[in-house]
Structure formats: C-alpha cells, structure tokens
Amino acid sequence: MPKAMARHILVKTEAEAAQLKKRIAGGEAFDVLARKHSLCPSGKKGGDLGEVRPDQMVRSIDQAIFKKPLREVHGPIKSQFGYHLVQVFYRD
C-alpha cells in the first residue's frame, strides 16, 4: 500500500493560508510557521503528519498528498476543518 511523509498547516481562512504560503515562499520556515499558526495538533511538531496512507486524511488533503508534486507547498486547500497548506517529502 502506498505511503507518504507530509506536513501541513491548518488555519481558519483562505486569506490566512495564502499569506502563510507567501511567507514560506519568501524564505520563512514551514515548521516555525506551523508551530505558531496551525490549528491542528500536528502544529506542535512543525506540522509533521508523519507517514500517512491513502484514505487516512480527508479527501482534499489525501489528493494533495498522493497526486501533487513533491516538496512544493500546495494550497490553500479547503476542507471541513479550514484551509490547509500541504508539503509532501516522499511517496512510496
């Protein structure tokens, strides 16, 4: 079964997610911003989701993790929890 290692940041608004994405593109550290801004418990670990398998996450995040290019920051991606920025390190 496929697996991937990913991290994410969860915030309430699309505007906040877009602003964080710009800050990351400008050189700020993803993990530092995740610790400060993410509403998900994974934020305490810099957004680290660890290894995930298909269908472990909500569909929109699952699609980003298993279909989008590696090492890029994807999003804002809307889910019932808010807006996510997702970065995937590897897939097996």
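All values below come from the heavy atoms of this structure, side chains included, with hydrogens, waters and symmetry mates left out.
- A side-chain hydrogen bond (donor to acceptor under 3.5 Å, both in side chains) check over residues 1-22, counting only residues at least two apart or in different chains, returns the pairs Arg7-Gln87, His8-Ser42, His8-His84.
- Residues Pro2 and Arg53 are not in side-chain contact: their nearest non-hydrogen atoms beyond the backbone lie 4.5 Å or more apart.
- Between Leu49 and Val52, the closest heavy-atom pair is O-CG1, 3.9 Å.
- In this structure, Leu20 CG and Phe30 CZ are separated by 9.0 Å, a value rounded to the nearest 0.5 Å.
- When hydrophobic side chains of Ile, Leu, Val, Met, Phe, Trp and Tyr are connected at separations under 4.5 Å, Phe89 ends up clustered with Met5, Tyr90.
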Is there a side chain to side chain contact (heavy atoms under 4.5 Å, CB included) between Leu85 and Ile24 once you walk through the steps?
-> CA-CA 10 Å; Leu85 297 178; Ile24 293 164; 4.1 Å; yes

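- Taken from CE in Met57 to OG in Ser79, the straight-line distance is 9.0 Å, to the nearest 0.5 Å.
- Put simply, SG on Cys40 and CD1 on Ile9 are 11.0 Å apart, with the number rounded to the nearest 0.5 Å.
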Determine all donor-acceptor pairs shorter than 3.5 Å in which one atom belongs to a side chain in residues 60-71; sequence neighbours excluded.
unit_1 : atom_1 : unit_2 : atom_2 : d
Ser60  : OG     : Lys78  : O      : 3.1
Asp62  : OD1    : Asp55  : N      : 3.1
Asp62  : OD2    : Asp55  : N      : 3.2

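- The salt bridge (charged side-chain N to carboxylate O under 4.0 Å, His left out) test applied to Arg23 returns Glu28, not counting sequence neighbours.
- In terms of hydrophobic clustering, with Ile, Leu, Val, Met, Phe, Trp and Tyr side chains grouped at heavy-atom distances under 4.5 Å, Val88 and Ile77 are assigned to a common cluster.
- Every residue meeting the salt bridge (charged side-chain N to carboxylate O under 4.0 Å, His left out) condition with Arg35, not counting sequence neighbours, appears here in chain and number order: Asp31.
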